[in-house]
Chemist: 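This is the structure I have questions about; it appears just below.
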Amino acid sequence: MPIHNAEIAAIFDELADLLEVDGADFYRVRAYRNGARSIHDLPHELSTLLERGEDLVKLPGIGKELAKKIHEILDTGRCTALDRLHRRLPHSLTELLALPGLGPKRVHTLYHELHIHDPKELHHAAAAGELHRLPGFGRKTEEQLLERLEHRVDHPHRMIRAEAEGYVEALLAYLRALPAVERAEAAGSFRRGRETVGDLDLLVQSAEGAQVADAFVAYDEVESVIAHGRRKSSVRLRNGLQVDLRVVSGERFGAALHYFTGNRGHNVALRREAQRRGLKLNEYGVFDGEERIAGSDENEVFAALGYPYIEPELREGRGELEAAHAGLLPQRLVSAEDLKGSLHNHTRWSDGRGTLEEMVEAAVERGHAYIAITDHSQRLTIANGLDSRRLLEQLEAIDRLQERYPQIAILKGSEVDILEDGSMDLPEEVLARLDLVVGAVHTAFELPRAKQTRRILRAMESRYFSILAHPFQRMINERPPLELDIERIIRAARERGCFLELNATPKRLDLDDRYLYMAREAGVMVAIDADAHHPLQLDHLRHGALQARRGWLEPRHVINTRPLDELRALLRTTMG
DNA sequence: GCCGTTTTCGGCCCGACTGTTTTCAGTCG
């Protein structure tokens, strides 16, 4: 059973947590956290890197000690350092640490003074009034903990970004309408375009911090106020979303916008860079001694530190600063406006809600140069998949419709099921009649990694295969990704000369940013597809473009930025 | 524990809010 990066990162995170409760040196604790984060963000499995003979010490944040522990975990499945800690501190203390208001010091006190192991025991103690006499605790702390434990709403998952968008826009409109507000923007992971957001970070430019904060906490949808200060306030909305608001003055806005756009890794790296240059960077500006040398806009902040502007989607601490220094940043990231059509869409012929004509109309309205019709194949009976006969009928219907819509190319395709043995769900003589074949897995999600990978590799080898749709078949917060050796699939796509999809449905966004980056590095082009089941869903392309930007994709990496003739040429190389 | 164009020691990102501590520690992002 291979041990994945996430599991190793989790072990280091727990080590950090327990060491911190144990009162270990703060920087030692941070080293484990940095290591965990670095591992989590790796685009390759550590086990793969070791097989290739890579030296783990070369990875950022991994030194001799952590490398040794990684070897041990991969070899034995255990970590003796963590086992040793567990003799003194139970695993369940990490649950206490996860509670808001409890950090390592208080958990240490709870465990050693009252022998409290987990949230349940804490609940009893708080209810019995045993907490407020402990050092570092008071009546108010006890009350708040009790309140939180009683109304413990688990916020198990992060909200899908597309869903959060509505809340962000409404809140920004509310803030912008306030007389004291000169400017209001969203920052944080929302601005970086992450597929999900944990909380919202909003930034306001105003000289009247207290006034803005008062209006903010009085917002209609606020359920509870977490903090309420002149510069910084936090609330929880009724939908469970936490919103943090910062208020700054104009000459500081750019620095603050940069600071709160993050992410943490990016910020830490940039602050370290500032320090290296004898400067200081904080949310108020870039400082040379007492003097502020930049701060009113982001460009200025980057420039003061010797960098070109770096797009928010790239600010993930994944080597963007190094790339900027080396002149290797993307020239221009792809955007929704670059997309000339969606290559994976459905109609009423299978499980779509729009007719063929309505889908084409919608594409014309959006100014697209082409649209591919790719209804499901016969195996997917639940989606009214098309057998050979119906597909051939549909091709004739498309021919007739094409005559009436000379302004757009209607590409003939099919989303063909990849059967469990890797064969295609329609006969070759039918597939040969199409402009493109979009292959997809819709069954047997639970196959083990090797088998699932072989299945897809075999499908990609078939004579007609253009695009691998939603490769991981994941649904964010709902269905885990398939177990796949994606590196092998990317290599195979390159050799075969076919393409990988970035499915733009907000719940899918599959491939994700890391794998898009891998595809880019491997020279495999991507199709950003709406997978529209309704005419309006063609607008999902926007979400896909955002995800593509996070994968460092430029227009040249995306096949559906190409004009029709170039696209046709690319697709032809995949068809027979 | 990691790291190095201040390299094998001595640093390590920075500030706001809260509660309780009356001058600051803990927590959070």
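We name chains A, B, ... by the order of the sequence lines, and we start the count at 1 in each one.
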Chemist: Please figure out whether A:Q242 or A:L134 has its closest DNA chain B nucleotide nearer the 5' end.
Modeler: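 It is A:L134, whose closest nucleotide lies nearer the 5' terminus.
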
Chemist: For A:Y284, answer base if it contacts any base atom (sugar-phosphate contacts may also be present), sugar-phosphate if it contacts only those atoms, and nothing otherwise; contact means non-hydrogen atoms under 4.0 Å.
Modeler: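 Sugar-phosphate contact only.
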
Chemist: Can you tell me, in whole Å, how much space there is between the P of B:dG15 and that of B:dT20?
Modeler: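 Straight-line distance between the two P atoms is 26 Å.
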
Chemist: Classify A:G101 by what it touches in the nucleic acid, base, sugar-phosphate, or nothing, heavy-atom distance under 4.0 Å.
Modeler: sugar-phosphate

Chemist: Between B:dG29 atom P and A:R37 atom CZ, what is the distance in whole Å?
Modeler: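 Roughly 15 Å, once rounded to whole Å.
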
Chemist: Show the distances under 3.5 angstrom between N or O atoms of the protein and N or O atoms of nucleotides 7-13 of chain B.
Modeler:
unit_1, atom_1, unit_2, atom_2, d
B:dC12, O3', A:R30, NH2, 3.3
B:dC13, OP1, A:R30, NH1, 2.7
B:dC13, OP1, A:R30, NH2, 2.2
B:dC13, OP2, A:R272, NH2, 3.3
B:dC13, O2, A:R271, NE, 2.5
B:dC13, O2, A:R271, NH2, 2.1
B:dC13, N3, A:R271, NH2, 3.3
B:dC13, N4, A:R264, NH2, 3.3

Chemist: Determine the Euclidean distance between corresponding P atoms of B:dC3 and B:dT8; express it in Å to zero decimal places.
Modeler: 16 Å

Chemist: Any pair with a residue in residues 248-271 of chain A that passes salt bridge (Lys or Arg N to Asp or Glu O under 4.0 Å), sequence neighbours left out, goes on the list, sorted by first then second residue, please.
Modeler: A:E251-A:R292

Chemist: Where each residue is assigned the nucleotide of DNA chain B containing its nearest heavy atom, which of A:K105 and A:E142 is assigned the position nearer the 5′ end?
Modeler: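 First, find each residue's nearest nucleotide; the 5'-ward one identifies A:E142.
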
Chemist: My understanding is that only residues two or more places apart in sequence, or in another chain, count here; which of them pass side-chain contact (heavy atoms from CB on, under 4.5 Å) with A:V222?
Modeler: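 Partners of A:V222 by the side-chain contact (heavy atoms from CB on, under 4.5 Å) criterion, ordered by chain and then number, come out as A:Y219, A:V225, A:V235, A:L237.
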
Chemist: Once you round it to whole Å, what is the distance between C1' of B:dT18 and CG of A:L102?
Modeler: 14 Å

Chemist: Provide the distance between the two P atoms, one in B:dT5 and one in B:dG1, to the nearest whole Å.
Modeler: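 23 Å, rounded to whole Å.
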
Chemist: Counting only pairs under 3.5 Å, give me each side-chain donor-acceptor contact of residues 253-262 of chain A, with atom names and distances, residues two or more places apart or in other chains.
Modeler:
unit_1, atom_1, unit_2, atom_2, d
A:H258, NE2, A:H266, NE2, 3.0
A:T261, OG1, A:R191, NH1, 2.8
A:T261, OG1, A:L257, O, 2.6

Chemist: Check the distance between B:dC14's P and A:H258's NE2 and give it to me in whole angstrom.
Modeler: 14 Å

Chemist: Near DNA chain B, which residues from residues 54-70 of chain A have a heavy atom under 4.0 Å away?
Modeler: A:L59, A:P60, A:G61, A:I62, A:G63, A:K64, A:E65, A:L66

Chemist: If you look at every strand shown and take non-hydrogen atoms under 4.0 Å, does A:E273 touch a base, only sugar-phosphate, or nothing?
Modeler: nothing

Chemist: Strictly by salt bridge (Lys or Arg N to Asp or Glu O under 4.0 Å), give each pair with a member in residues 21-30 of chain A just once, sequence neighbours left out.
Modeler: A:D22-A:R88

Chemist: What ring-ring contact (aromatic ring centres under 6.0 Å, His included) pairs are there with at least one residue in residues 93-120 of chain A, not counting sequence neighbours?
Modeler: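 Residue pairs passing ring-ring contact (aromatic ring centres under 6.0 Å, His included), neighbours aside: A:H108-A:H112, A:Y111-A:H117.
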
Chemist: Between B:dG10 and B:dC17, how far apart are the P atoms? Round to whole Å, please.
Modeler: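 Rounded to whole Å, the distance is 37 Å.
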
Chemist: Sequence neighbours excluded, which residues qualify as ring pair (Phe, Tyr, Trp, His ring centres under 6.0 Å) partners of A:Y309?
Modeler: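 A:Y309 satisfies ring pair (Phe, Tyr, Trp, His ring centres under 6.0 Å) with A:F302 only.
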
Chemist: Please output the side-chain donor-acceptor pairs of residues 129-140 of chain A that fall under 3.5 Å, not counting sequence neighbours, one pair per line with the distance.
Modeler:
unit_1, atom_1, unit_2, atom_2, d
A:H132, ND1, A:G129, O, 3.4
A:H132, ND1, A:E142, OE1, 3.2
A:H132, NE2, A:R139, NH2, 3.2

Chemist: Per the side-chain contact (heavy atoms from CB on, under 4.5 Å) rule, which among A:L509, A:N503, A:L511 passes with A:R474?
Modeler: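 Among A:L509, A:N503, A:L511, the one that satisfies the side-chain contact (heavy atoms from CB on, under 4.5 Å) with A:R474 is A:L509.
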
Chemist: Is it the case that A:S47 and A:E45 place a side-chain donor and acceptor less than 3.5 Å from each other?
Modeler: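 Side chains of A:S47 and A:E45: no pair found under 3.5 Å.
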
Chemist: With side-chain hydrogen bond (donor to acceptor under 3.5 Å, both in side chains) as the rule and sequence neighbours excluded, what pairs involving residues 168-188 of chain A come up?
Modeler: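 side-chain hydrogen bond (donor to acceptor under 3.5 Å, both in side chains) check on residues 168-188 of chain A returns A:E182-A:Q205.
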
Chemist: Using a 4.0 Å heavy-atom cut-off, does A:R139 contact any base of the nucleic acid, only the sugar-phosphate backbone, or nothing at all?
Modeler: sugar-phosphate

Chemist: Is any side-chain nitrogen or oxygen of A:T141 closer than 4.0 Å to OP1 or OP2 of B:dT20?
Modeler: yes

Chemist: Which is true for A:L270 with a 4.0 Å heavy-atom rule: it touches a base, it touches only sugar-phosphate, or it touches nothing?
Modeler: nothing

Chemist: Under the criterion salt bridge (charged side-chain N to carboxylate O under 4.0 Å, His left out), I'd like the reasoning laid out for A:E165 against A:R161: C-alpha separation, chi angles, the key distance, then a yes or no.
Modeler: CA-CA 6 Å; A:E165 217 169 42; A:R161 184 184 186 283; 3.2 Å; yes

Chemist: Just distance, no hydrogens or angles: give the donor-acceptor pairs under 3.5 Å from side chains in residues 7-17 of chain A, sequence neighbours left out.
Modeler:
unit_1, atom_1, unit_2, atom_2, d
A:E7, OE2, A:H4, N, 3.0
A:E14, OE1, A:H91, ND1, 3.1
A:E14, OE2, A:H86, NE2, 2.7
A:E14, OE2, A:H91, ND1, 2.8
A:D17, OD1, A:R33, NH2, 2.6

Chemist: Nearest whole angstrom, please: distance from the P of B:dT27 to the NZ of A:K232.
Modeler: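 Going from NZ in A:K232 over to P in B:dT27 covers 15 Å.
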
Chemist: Report the distance from atom NZ of A:K140 to atom P of B:dT27, rounded to the nearest whole Å.
Modeler: 17 Å

Chemist: Whole angstroms only, please: what is the CZ-P distance between A:R246 and B:dG29?
Modeler: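 Atom CZ in A:R246 sits about 11 Å away from atom P in B:dG29.
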
Chemist: Please state the P separation for the pair B:dT18 and B:dC13 - nearest whole angstrom.
Modeler: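 So the two P atoms sit 26 Å from each other.
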
Chemist: Between B:dA16 and B:dC9, how far apart are the two P atoms, rounded to whole Å?
Modeler: 37 Å

Chemist: Looking at B:dG15, I'd like to know if its phosphate oxygens (OP1 or OP2) sit under 4.0 Å from a side-chain N or O belonging to A:N282.
Modeler: yes

Chemist: Which of these, A:T76, A:L74, A:D75, sits in a side-chain contact (heavy atoms from CB on, under 4.5 Å) with A:I3?
Modeler: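 Per the side-chain contact (heavy atoms from CB on, under 4.5 Å) rule, the option paired with A:I3 is A:L74, out of A:T76, A:L74, A:D75.
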
Chemist: For A:L145 and B:dG26, give me the distance from atom CG to atom C1', rounded to whole Å.
Modeler: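 Going from CG in A:L145 over to C1' in B:dG26 covers 13 Å.
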
Chemist: Is there a residue in residues 304-318 of chain A whose heavy atoms reach under 4.0 Å of DNA chain B, and which residues are they?
Modeler: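 Per residue number, the list is empty: none.
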
Chemist: Just by distance, with hydrogens left out, do A:R194 and A:Q547 show a side-chain donor and acceptor under 3.5 Å apart?
Modeler: no

Chemist: When the C1' atoms of B:dG29 and B:dT22 are considered, how many whole Å apart are they?
Modeler: 27 Å

Chemist: Whole angstrom is fine here: how far is it from CZ in A:F26 over to P in B:dT27?
Modeler: 12 Å

Chemist: For B:dT8, what is the paired nucleotide under Watson-Crick or G-U wobble rules, both distances under 3.5 Å?
Modeler: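 Matched B:dT8 with nothing under the 3.5 Å cut-off.
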
